[in-house]
Amino acid sequence: MIIQLLALINRIVYLYSILLIVYALMSWFPGAYQSKLGQLLGKICEPFLRLFQRLPLQFAGIDFSIMVAIFALNILMRVIDRLAYMFIY
């Protein structure tokens, strides 16, 4: 039961990481954020990204906050996995 729950959470984190990447790639297309898809992804991604946009992660005009957010999300998932497996086994 717990392993299945962890597998589901892992899939959700993976899907959310893909959504963050798609949201980042939309910056390459003018007006993409104003489309229906862009607005939907903005509502889903921006609250989490705001946590990282406060940090000084912009170098030479490039914002690395999405990359750091994905990295932090994956590290958090690994920590949760290890803690859960410690309690299971």
Side-chain angles (χ1 to χ4, degrees):
M1 176 71 174
I2 293 176
I3 294 174
Q4 293 168 344
L5 180 64
L6 285 174
L8 177 66
I9 293 171
N10 274 326
R11 287 184 190 132
I12 291 170
V13 167
Y14 178 73
L15 176 65
Y16 193 70
S17 297
I18 290 174
L19 291 177
L20 288 171
I21 292 169
V22 170
Y23 186 73
L25 292 175
M26 289 180 77
S27 69
W28 294 357
F29 303 100
Y33 290 130
Q34 287 74 31
S35 69
K36 294 283 185 185
L37 177 64
Q39 292 173 1
L40 177 65
L41 285 176
K43 289 179 184 177
I44 295 170
C45 298
E46 284 179 8
F48 182 65
L49 290 175
R50 278 191 212 114
L51 299 172
F52 298 94
Q53 289 172 343
R54 297 179 193 162
L55 302 173
L57 298 171
Q58 298 171 349
F59 305 103
I62 299 172
D63 187 9
F64 291 97
S65 60
I66 291 179
M67 187 184 318
V68 173
I70 292 170
F71 184 68
L73 192 63
N74 287 315
I75 286 178
L76 178 66
M77 195 60 234
R78 287 184 184 202
V79 168
I80 291 171
D81 278 346
R82 292 201 184 218
L83 289 174
Y85 286 121
M86 276 184 8
F87 289 118
I88 291 172
Y89 298 111

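Just so we're clear, the structure is a prediction, and the values are computed from it rather than from any experiment. Every heavy atom of this structure was used, including side-chain atoms; hydrogens, water molecules and symmetry mates were not.
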Partners passing side chain to side chain contact (heavy atoms under 4.5 Å, CB included) against Q53 (at least two apart in sequence or in another chain):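 Partners of Q53 by the side chain to side chain contact (heavy atoms under 4.5 Å, CB included) criterion, ordered by chain and then number, come out as L49, R50, D63, S65.
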Between CZ on residue F48 and CG on residue L19, distance to nearest 0.5 Å: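 The distance works out to 12.0 Å.
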Distance in Å, L20 CG paired with L25 CG, rounded so as to fall on 0.5 Å steps: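 It is 11.0 Å, given to the nearest 0.5 Å.
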Heavy-atom pair of closest approach, residues M26 and L41: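 Closest approach of M26 to L41: SD-CD1, 3.5 Å.
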Taking every non-hydrogen atom, the tightest pair across P47 and G42: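 Minimum heavy-atom separation between P47 and G42: CD-O, 3.9 Å.
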Hydrophobic cluster partners of I12 (side-chain heavy atoms under 4.5 Å):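 Same cluster as I12: L8.
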Summary of side-chain hydrogen bond (donor to acceptor under 3.5 Å, both in side chains) pairs that have at least one residue in residues 14-39, sequence neighbours excluded: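 For residues 14-39: Y23-E46.
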L5-I3 co-clustered via ILVMFWY side chain contacts under 4.5 Å: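 Yes, because L5 and I3 connect within a single hydrophobic cluster, where side-chain heavy atoms sit under 4.5 Å apart.
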Same cluster (ILVMFWY, side-chain, under 4.5 Å), I21 and F29: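 Yes, I21 and F29 fall within the same hydrophobic cluster.
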Enumerate donor-acceptor pairs with a distance under 3.5 Å from any side-chain N or O in residues 67-84 to protein atoms, sequence neighbours excluded.
from	atom 1	to	atom 2	distance (Å)
N74	ND2	I70	O	3.1
D81	OD2	N10	ND2	3.4

